[in-house]
Amino acid sequence: MSFLTIVLSQQVLDVYSSQAWSKVFITNRPFHVNNMEGNQFINAEWQLADIICSDNNGKIEGYPVRLDARANLIEINDNGVIKVLHATNTYSVAFKVTNEVFITNKTLGIAEPVGFYKVLYSEKSSLLCHYSTKIIEGAYNPVLDAGIKEDKMLVEKIYYLFKDGELTKLENKRRKLIKQFIDQPEISEYIKLNRIIPTNETDLIKLITYMDSKS
């Protein structure tokens with residue numbers, strides 16, 4: 001059983017949920033997102049979730065939320081009023097419909113990268129997906145009147161292996177991923193033979209599962 005699995009299974013929820021709201025703030029953030037120019041949200045649509053706070057283990061249950069990967073905030077829709085909770089004050093977010101679980105760098109006990117990580121797999125090792133944002137600058141040719149004038153914001157995914165308390169960024173190209181595990185011939189050969197795509201979550205889960213079977 002991984003450290004992360006132990007951490008998630010030992011959450012203590014013996015405090016009043018009202019204490020969980022002590023780090024939540026009311027904002028004037030917009031309710032709707034303009035998808036035409038991209039957005040900073042991991043989940044653009046509101047989804048019901050349970051939130052556990054990091055400081056007091058208080059729980060905020062059953063509110064529509066969305067995760068802002070740019071500002072590292074949880075937006076909470078409290079009857080049409082947008083409230084926010086920062087990732088540094090968050091232990092985990094569990095979405096009810098999709099069963100997706102997100103944790104933060106504070107949960108992992110690390111300083112960087114800050115923000116939200118989706119737990120894709122967690123046994124002896126854990127496979128995590130970290131979310132951040134990047135700007136794609138508009139490329140417009142006024143002579144041809146072609147291209148896109150506006151910059152566009154995209155959510156970027158980076159995959160990590162969390163094992164023995166250490167976070168390791170996984171290379172996003174197959175050749176580089178093979179070299180990354182060159183000191184573990186069985187692993188690098190598995191990547192070759194199974195044509196593992198480092199940006200495919202299903203492939204990465206297969207790879208980490210295989211690695212766990214060999215450890």
Side-chain angles (χ1 to χ4, degrees), residues 2-35 37-120 122 126-135 153-160 162 165 167:
S2 71
F3 164 78
L4 180 55
T5 302
I6 293 172
V7 167
L8 291 174
S9 65
Q10 290 184 344
Q11 296 168 353
V12 180
L13 304 175
D14 58 355
V15 296
Y16 293 108
S17 61
S18 59
Q19 290 184 261
W21 291 90
S22 62
K23 301 290 185 178
V24 175
F25 299 95
I26 298 174
T27 72
N28 58 357
R29 286 186 151 217
F31 185 83
H32 297 289
V33 178
N34 185 355
N35 290 313
E37 297 177 6
N39 68 81
Q40 69 270 32
F41 293 99
I42 297 171
N43 55 310
E45 301 297 327
W46 295 101
Q47 298 180 41
L48 292 178
D50 294 339
I51 304 167
I52 297 176
C53 298
S54 58
D55 291 337
N56 54 31
N57 282 348
K59 192 171 185 180
I60 299 172
E61 295 186 83
Y63 279 82
V65 308
R66 57 189 180 194
L67 306 181
D68 184 333
R70 183 186 185 189
N72 296 319
L73 297 171
I74 304 173
E75 284 195 349
I76 304 170
N77 180 1
D78 186 5
N79 294 315
V81 177
I82 309 304
K83 300 179 180 180
V84 296
L85 176 68
H86 200 276
T88 56
N89 297 314
T90 306
Y91 187 94
S92 66
V93 184
F95 288 97
K96 291 180 172 293
V97 176
T98 61
N99 293 318
E100 294 173 318
V101 175
F102 290 79
I103 58 174
T104 67
N105 57 295
K106 190 163 185 179
T107 315
L108 297 171
I110 58 175
E112 298 283 344
V114 299
F116 298 102
Y117 297 75
K118 182 163 71 171
V119 182
L120 299 171
S122 188
S126 297
L127 175 64
L128 307 173
C129 178
H130 178 260
Y131 293 82
S132 58
T133 58
K134 62 180 179 180
I135 300 294
M153 183 179 295
L154 297 177
V155 173
E156 186 174 33
K157 298 179 180 180
I158 299 179
Y159 297 96
Y160 289 88
F162 187 71
L167 192 69

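In this chain, residues are counted from 1 in sequence order. Since the model is a prediction, treat every value here as computed from it, not as a measurement.
Side-chain contact between Leu128 and Val119 is present, with heavy atoms from C-beta onward closer than 4.5 Å. By the 4.5 Å heavy-atom criterion applied to side chains, Arg70 and Phe41 are not counted as neighbours.
With rounding to the nearest 0.5 angstrom, the CG atom of Asn39 is 9.0 Å from the CG atom of Asp68. In this structure, the separation between CG on Leu85 and OG1 on Thr88 is 8.0 Å, given to the nearest 0.5 Å. For the atom pair OG (Ser122) and CD1 (Ile103), the distance works out to 8.0 Å, reported to the nearest 0.5 Å.
For Asn43, the side-chain contact (heavy atoms from CB on, under 4.5 Å) test picks out Gln47, Arg66, Leu67, Phe95, with sequence neighbours left out. Here Asn89 pairs with nothing under the side chain to side chain donor-acceptor pair (under 3.5 Å) rule; sequence neighbours left out. His86 pairs by the ring pair (Phe, Tyr, Trp, His ring centres under 6.0 Å) definition with nothing, not counting sequence neighbours. Under the side-chain contact (heavy atoms from CB on, under 4.5 Å) criterion, Lys157 pairs with Cys129, Tyr131, Tyr159, Glu201, sequence neighbours left out. With sequence neighbours excluded, the residues that form a side-chain contact (heavy atoms from CB on, under 4.5 Å) with Thr104 are Ala87, Thr90, Lys106, Thr107, Phe116. Taking Glu100 as the reference, Thr98, Lys118 meet the side chain to side chain donor-acceptor pair (under 3.5 Å) condition, with sequence neighbours excluded.
The salt bridge (Lys or Arg N to Asp or Glu O under 4.0 Å) analysis of residues 78-95, with sequence neighbours excluded, yields the pairs Asp78-Lys83.
Between the Asn77 side chain and the Ile82 main chain, no donor and acceptor come within less than 3.5 Å of each other. Asn105 places a side-chain N or O within 3.5 Å of a backbone atom of Gly115 that can act as its donor or acceptor partner.
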